[in-house]
Amino acid sequence: MKQIIIALLITNILAGCKTEKKEEKESQVVTDAIIANPILDGYYADPSIIQEDGKFYIYATKDPWGKDDLAFLESSDFKSWELKELNWPTKEACTSPTSNGSMVWAPSVVKAKNGNYYMYVSVGSEVWAGVAKSPEGPWKNAKDDNTPLITRDLFPEYHMIDAEAFIDDDGQAYLYWGSGLDWVNGHCFVVKLKEDMITFDGEIKDVTPENYFEAPVMIKRNGTYYLMYSDGKVIEDTYKVRYAIGDNPFGPFTEAETSPILSTASDSITYSPGHHTVFSKGGQDYILYHRHSANSPESTDLLRELCVDSLNFTKDGLLKKVKPSGIAPF
């Protein structure tokens, strides 16, 4: 009888261990089933992303309101990120007679058809262009005379920031930029770039869509051009992502019926989302953007964090509303 009792106790203990291991495994599966927002610790905004040799590289503004340099983050799985340093841009290296005191903001990094990487970044409320052989650099001013690509006084009634490069299917590059001043909606400008990625090929065109404030992003799907942008006041809950559609890089662009696609929701922790970029992986599109941190006051000490969600299209080629929920691991 004693042996039977001991055997039953051992069986129950083993069963309990198996149950704990099963629950632990199931918990791990649930944890690993999603890349949750924010995607990393720290306060960053205005992201740009590059994928190269199995790695993800994110370039972003350091909050609050920019620092002397950019945030540069590297990951092989989009879950564990390493903060690294870039040699350029810096506030000191990117200052001209027309610069103001604004810090280093809003990078856009692309790989051109010539194999080089180009960065367009706002420093001193001007757009500076950098070039490198690899995503981590070393970077340098793409202009031999070390001047800004777009000076603050080019169109003084608007803010000359938030430059975003777009490379079409044929390798032709375009540069979009422009923001508003004093929280009044701005204008969006675009110019075709020559192969050196810093020489304007033709005239600058004003392609401002309805409800445009800043942060243009161009994507192309099935021959349609989607000019995405941010609208509203970034320090309040009115900041959001909108988009307009055209049939060529110069428009005209008409705001789509499903715009805006990402806004503050009363039942969500996603507050003031915007200034995003778009990337693709495994045939799926994703939107990488910033939102307010729960620790952020509505003030000059604005603290933002990086988030990612799936970006999807309707059968009619319109963008669906983004549901902030994170994404499955890559």
Side-chain angles (χ1 to χ4, degrees), residues 23-52 54-63 71-84 106-107 109 215 217 219 221 226 228-232 234 237-243 258-296 302-314 318-330:
E23 289 176 350
E24 181 181 349
K25 184 176 181 181
E26 289 177 348
S27 176
Q28 186 67 35
V29 169
V30 170
T31 301
D32 291 345
I34 189 171
I35 295 174
N37 290 322
I39 62 172
L40 55 91
D41 294 331
Y43 302 122
Y44 309 109
D46 317 326
S48 182
I49 186 168
I50 286 288
Q51 299 177 66
E52 185 71 28
K55 292 185 177 181
F56 300 94
Y57 299 94
I58 290 178
Y59 310 78
T61 304
K62 292 180 178 180
D63 263 350
F72 177 55
L73 301 134
E74 177 185 322
S75 176
S76 58
D77 59 7
F78 214 87
K79 292 185 288 185
S80 298
W81 293 91
E82 180 183 359
L83 180 62
K84 308 179 80 173
V109 181
V217 174
I219 63 173
R221 297 294 182 274
Y226 299 78
M228 306 177 74
Y229 48 96
S230 295
D231 173 41
V234 70
D237 63 0
T238 56
Y239 205 59
K240 64 184 76 69
V241 175
R242 295 181 179 270
Y243 78 104
T258 57
S259 177
I261 60 164
L262 181 57
S263 307
T264 299
S266 59
D267 59 348
S268 171
I269 61 172
T270 302
Y271 187 95
S272 195
H275 201 127
H276 70 290
T277 190
V278 174
F279 69 100
S280 299
K281 180 72 173 177
Q284 174 65 51
D285 292 315
Y286 299 94
I287 180 169
L288 177 66
Y289 60 97
H290 69 237
R291 73 182 184 194
H292 284 207
S293 164
N295 299 318
S296 178
L302 182 65
L303 300 175
R304 293 163 289 184
E305 56 194 16
L306 300 185
C307 300
V308 67
D309 286 293
S310 296
L311 185 67
N312 299 294
F313 295 79
T314 70
L318 299 177
L319 285 170
K320 293 183 178 181
K321 302 285 186 181
V322 175
K323 297 179 180 179
S325 54
I327 61 173
F330 296 117

Results of ring-ring contact (aromatic ring centres under 6.0 Å, His included) for Phe78 - residues two or more places apart only
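ring-ring contact (aromatic ring centres under 6.0 Å, His included) list for Phe78, sorted by chain: Phe56, Trp81, Phe279, Phe330.
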Name all residues meeting the ring-ring contact (aromatic ring centres under 6.0 Å, His included) criterion together with Tyr43; count only those two or more places apart in sequence or in a different chain, and write none if there are none.
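Expected list: none.
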Does [X] have any side-chain hydrogen bond (donor to acceptor under 3.5 Å, both in side chains) partners at least two apart in sequence or in another chain, and if so, which?
X	value
Thr277	none
Tyr226	none
Thr270	Ser268

Any side-chain heavy-atom pair from Tyr44 and Leu83 closer than 4.5 angstrom?
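In contact.
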List for me each residue that meets salt bridge (charged side-chain N to carboxylate O under 4.0 Å, His left out) alongside [X], sequence neighbours excluded, and say none if there are none.
X	value
Lys320	none
Asp63	Arg304
Glu74	Lys55, Lys84
Arg291	Glu305

Looking only at non-hydrogen atoms, find the nearest pair between Val278 and His276 and report the distance.
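Closest heavy-atom pair between Val278 and His276: CG2-CD2, 3.9 Å.
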Among Ile35, Asn37, Ile39, which residue meets the side chain to side chain contact (heavy atoms under 4.5 Å, CB included) test with Ile327?
Ile35
Tell me, please, which residues at least two apart from Pro47 pass side chain to side chain contact (heavy atoms under 4.5 Å, CB included).
Ile58, Leu288, Leu306
Going by side chain to side chain contact (heavy atoms under 4.5 Å, CB included), name the residues that satisfy it together with Glu52, two or more places apart in sequence or in a different chain.
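In terms of side chain to side chain contact (heavy atoms under 4.5 Å, CB included), with neighbours along the sequence ignored, Glu52 is linked to Ile50, Tyr57, Lys111, Tyr117, Pro135.
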Pairwise salt bridge (charged side-chain N to carboxylate O under 4.0 Å, His left out) hits with a residue in residues 275-288, at least two apart
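Sorted pair list: Arg221-Asp285.
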